[in-house]
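Working notes, beginning with the structure itself.
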Amino acid sequence: MKKLLIFTLFLWIFLGLDLYAYSPTGHENVSVVEFIDDGELLIDMTSSQIEAGYKTLGRNRLFGWKHYFFNIKEEANYVGEIIFSRSNRTTEKLKIDYELKETHYSERSIKTTGSLSADFEGKIKKIDAGLKASASVTSDKKTAVTRVEDTSFSFVVDPFHRMTFRVTGEALVTNGVSKLSILGMTFKKGTWEYIDIITRYYELYEEELPR
Amino acid sequence: MKKLNYLILFFVSTLIIIGLISLYSKQDKVFQMTVIPQAFSLVSATNDDEEFSMGIYFDSNTLPININPRDNCCYIADKSNENQLPLVLLSAIPTQSQITINNKLFFLYDFLFKIDFQTTSPYQLELDEAYLHLNRGVETEEMLIFIGSLAFVKIPSMLNNDLTMTKLKGNVNLLDQGKSVVGFEMKLRNNSLAPIRIERIKPLVTNLFVSAQDSLEQFTFDFSSTDSVKTILGYQYEVYSAFEEVDFNFLIGGNEEVNYYFPLKYQNSYKINQFGIQIDYWKNEIRYTEYIDNFIFFNDYQLSEREINNLIVYTYDNH
């Protein structure tokens, strides 16, 4: 057992494997995604679907990227993270002051696989700019903005109860496969997916704890 | 040939210099700014300090005002300037967000203010039309910006033994002004043995009311935040229509819990995404008031074209 543990540690150190928190969607802080019309997350696609995407890219270019989109800005509802959950196992009421800082921009969760590394995020910005440009001449009537929210609120948790503050919302999902060719040979390839958060809805609810 | 080259060079240089001068002189002369109007609801206990932030867009990526709490005299007031709420400008932080208005780029700054007003007793200030007066620091010139409406409420304490709010969830629909709260689900628990009669539920936002006639008791429908108010109530409901404020008279028995859905009525058209709630109730023939602190129901990251077109852009001299 000890040998196995040492061997596993050895693998982690020398192969540089990363540990990630498990998320059913593959995106941190997004636990469920339900598409309003058609749409599928990469994690739910079969390998043959992904392979079909690569095939659609066709023959390699001499130089440059080729992209195939499975979904472009597909509307979806999502269940997000639990922002906090406070239990009160005392016999006294518990007053909690909470400060919510929401000064993020249009939030985005990006996931890449294959030989597409973190620097592909820059490429995604270009892909996104291209999509926005093409959408602006058709039906895109929305502008992404920052909503500056800095609010504090107080609430009371009764004895032997737990108060949970969670977020759900609306998002746009874009995913696909990409391939980079250099001198006609595949240099990098992989799948990628990004989720843009459009609206976050907050919900506060209490549950009773067993005594 | 050489002369011609010199002549072309001279003309091109002159044109570039004239262009640069006109460009810089134009930039230096004026600057523009705008704010997305909304219904501000600031609720806090009498002994607590209150800070709030507001996004202000400028057509420049450098701020045309100096930030120094001693120099920046600022306050929020109504149109006639009779009712004022003094502020201290704490910071103005640039964000990466931009919007385009009439083909011009505007950069968003996150302004953080502290409300410079202390009181030991309950206090309420409601401004139907609120204007931010912002001094520019070294200059004595003041900027005036319409920000929507404001409800500033100082309450005795939010901790009460009779009622506990055990659920709060917003119902958000797309209205003329964009996404806005049109109703909310709230569960209340009576912690006392005596029955409680709810007389009134009042959102602490200017010109926003709960329609008592349309409110639902023993509400069990598991709705999505974006369900239409019509779907939840089961009949056509007009958010903007006139209505008469009447008592609720909802009873919560001793140690009982009741879940409600409260649809809202708007008397103005500002975007509302957060507010506190005042609950007036009777117990043993004594009237009490309980407060639910300011709660953010939703946060959206998109502006519709209509919202952008409706923005008021202010132009000020840039000294």
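Side chain of B:Asn171 to backbone of B:Asp227: a donor-acceptor contact under 3.5 angstrom is found. Judged purely by atom type and a 3.5 angstrom limit, A:Asn175 uses its side chain to pair as donor or acceptor with the backbone of A:Asn71.
If you tally non-hydrogen atom pairs under 4.5 Å between each of A:His161, A:Met163, A:Glu207 and chain B, the highest count goes to A:His161. Taking chain A as the reference chain and counting heavy-atom pairs below 4.5 Å, the highest number among B:Ile93, B:Thr226, B:Thr166 is found for B:Thr166. The choice from B:Arg189, B:Lys187, B:Glu185 that makes the most heavy-atom pairs within less than 4.5 Å of chain A is B:Arg189.
Contacts from residues 254-264 of chain B to chain A, taken as heavy-atom pairs separated by less than 4.5 Å, involve B:Glu257 in sequence order.
Within 6.0 Å of CG on B:Asn102 lie no more than 12 heavy atoms contributed by other residues, nucleotides or ligands.
For the salt bridge (charged side-chain N to carboxylate O under 4.0 Å, His left out) test, no residue two or more places apart in sequence or in another chain qualifies with A:Glu74. In this structure, the salt bridge (charged side-chain N to carboxylate O under 4.0 Å, His left out) partners of B:Lys104, at least two apart in sequence or on a different chain, are B:Asp59. Annotation: side chain to side chain contact (heavy atoms under 4.5 Å, CB included) contacts of A:Thr46 (sequence neighbours excluded): A:Ser48, A:Gln49.
A salt bridge between B:Lys271 and B:Asp300 is present, with a side-chain N of the basic residue lying under 4.0 Å from a carboxylate O of the acidic one.
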